[in-house]
Trainee: 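First the structure, which I've put down as structure tokens, then a few questions once you've had a look.
Every number for a ligand or one of its atoms is a count from 1 in the order of the listing. Residue numbers run from 1 in the order of the sequence given.
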Amino acid sequence: MNHSLKALNTFGIDQYASEIVCAENEQQLLDAWQAANALSQPVLILGEGSNVLFLDAFHGTVIVNRIRGIEVTEQPEAWLVHAGAGENWHHVVQYTLQHGMPGLENLALIPGCVGSSPIQNIGAYGVELQRVCDYVDCVELATGKLVRVSAAECRFGYRDSIFKHEYQDRFAIVAVGLRLPKQWQPVLTYGDLVRLDPATVTPQQVFDSVCLMRTTKLPDPKVNGNAGSFFKNPVVAAEMAEALLSRFPGAPHYPQADGSVKLAAGWLIDQCQLKGQTIGGAAVHRQQALVLINVDNATSEDVVKLAHHVRQKVGEKFNVWLEPEVRFIGQMGEVNAVEIIA
Ligand code: NAP
């Protein structure tokens, strides 16, 4: 158990795996999976490790997906961008903008790889991957068969998709197809973007504004390890939101199409005066309470204890029980993160 995972998770947690293999093409990925399978070892396929917390040493093979390549096909109405799963997401955003193909600018600076983007249907500033995703190419691990999953089949939801459920262990994502309509429509509903003029704004201005907001509010993983938003924004029933708003009229709340109401987890945490709270080497980020950071060689125990503390405080004050967005990885694979911090 001597292969370090420290550089392979943006939290910077010092954990180990039995084996780490870097796959640059489908065949290498399949070979690594089959070798581990022959030894009855668990497998974890990783992009840039930007949404994981390693709780323990991983008793199996970590396959680092580095399948690269960006190909563009022009259609009358849109550009089709086919990007390898191991491409850095932000690099693809920059590439498309530089080549005059807007549509991804709201999703700038999201950490991680292209292959991870459909798994949790990444989203920021009013745009989710599902808006631009055309298909996801996968390899079925047991058979080696290439399968194209259409966007509709991906069953995208809020930070959710089929790749977190039925397809989780059966398929490895090898590429993502993005469809960027030539008729660009800016999405200016969130944060500082509302100040931009929809009549004159350019994709580059949206990109710059998103980059500025993110770099001011969010910690740089190279300075303080983190995995982005640690908790999901809770979506609660309308009656529950009403009860909460009668006690806390200033609470940010966003009604959803199905009648439920999304609350801002960062605000709830902040109201409990938890910004800057530390346990061991882990802390609640001072600029954005939704992010837990590694300030001083945090262990996964520190992060779990801190997450538990945050969940308890928010639960006691608001009767809203936060759930991690970050995926927790134990010795044999993913474990139930809610149970771990409850
Ligand atoms: P913020 O502007 O402080 O707002 C807090 C939350 O309220 C956001 O998370 C967002 O929910 C929601 N919200 C804000 N304006 C909204 C609107 N006009 N309509 C509907 N919902 C609205 O958020 P922030 O923390 O700086 O993040 C900005 C964006 O980047 C958000 O979309 C956030 O999800 C995304 N982000 C994601 C991660 C991650 O790791 N997943 C990390 C950082 C930022 P939603 O999250 O549902 O959009």
Side-chain angles (χ1 to χ4, degrees), residues 9-11 47-53 89-90 93 104-113 116-132 156-161 164 186-196 198 206-207 209-221 224-236 241 244-245 248 250-271 274-275 284-294 303 307 310 314 318 320 322-328 337:
N9 72 103
T10 58
F11 240 125
E48 293 180 12
S50 59
N51 199 38
V52 289
L53 178 66
W89 172 262
H90 182 66
V93 175
L104 301 181
E105 53 288 336
N106 294 52
L107 302 175
L109 278 184
I110 295 185
C113 281
S116 317
S117 65
I119 299 177
Q120 70 151 353
N121 185 20
I122 57 169
Y125 304 102
V127 175
E128 289 181 323
L129 184 86
Q130 74 180 99
R131 183 184 166 94
V132 288
F156 289 124
Y158 175 56
R159 304 282 186 267
D160 201 28
S161 72
K164 281 190 174 179
V187 179
L188 306 172
T189 49
Y190 269 51
D192 293 348
L193 299 181
V194 296
R195 294 199 208 124
L196 299 171
V206 178
F207 173 88
S209 183
V210 168
C211 290
L212 184 65
M213 282 189 282
R214 290 193 76 106
T215 45
T216 343
K217 256 179 111 171
L218 295 168
D220 179 354
N224 285 126
N226 70 85
S229 300
F230 193 89
F231 298 99
K232 293 182 199 162
N233 285 322
V235 179
V236 301
L244 189 136
L245 284 161
F248 305 95
H253 57 286
Y254 304 94
Q256 306 296 289
D258 63 0
S260 61
V261 179
K262 185 177 71 184
L263 304 171
W267 185 89
L268 299 172
I269 300 169
D270 194 12
Q271 292 302 300
L274 288 167
K275 274 186 177 164
V284 178
H285 186 50
R286 283 190 185 280
Q287 273 73 43
Q288 168 51 293
L290 199 47
V291 182
L292 303 188
I293 58 175
N294 178 353
V303 179
V310 169
V314 170
F318 297 103
V320 172
L322 298 179
E323 299 187 357
E325 178 179 305
V326 172
R327 306 178 79 176
F328 287 18

Trainee: When rounded to the nearest 0.5 angstrom, what distance separates CD in Gln120 from CZ in Phe156?
Mentor: 11.5 Å

Trainee: Hey, can you tell me if Tyr125 and Tyr190 have their rings parallel, tilted or perpendicular (30° and 60° cut-offs)?
Mentor: perpendicular

Trainee: Taking atom CZ of Phe11 and atom CG of Asn51, what is their separation to the nearest 0.5 Å?
Mentor: 10.0 Å

Trainee: In order of chain and number, which residues sit within 4.0 Å of ligand 1 by heavy atom?
Mentor: Gly123, Ala124, Tyr125, Tyr158, Arg159, Thr189, Tyr190, Arg214, Lys217, Leu218, Gly228, Ser229, Asn233, Tyr254, Lys262, Ala264, Gln288, Glu325

Trainee: Could you pull out all residues at least two apart from His253 that satisfy ring-ring contact (aromatic ring centres under 6.0 Å, His included)?
Mentor: none

Trainee: If you apply the rule side chain to side chain contact (heavy atoms under 4.5 Å, CB included), what do you find for Leu292 with Val326, and how did you get there?
Mentor: CA-CA 10 Å; Leu292 303 188; Val326 172; over 6 Å; no

Trainee: For the residue pair Phe248 and Trp267, categorise the inter-ring angle as parallel (less than 30°), tilted (30 to 60°) or perpendicular (more than 60°).
Mentor: perpendicular

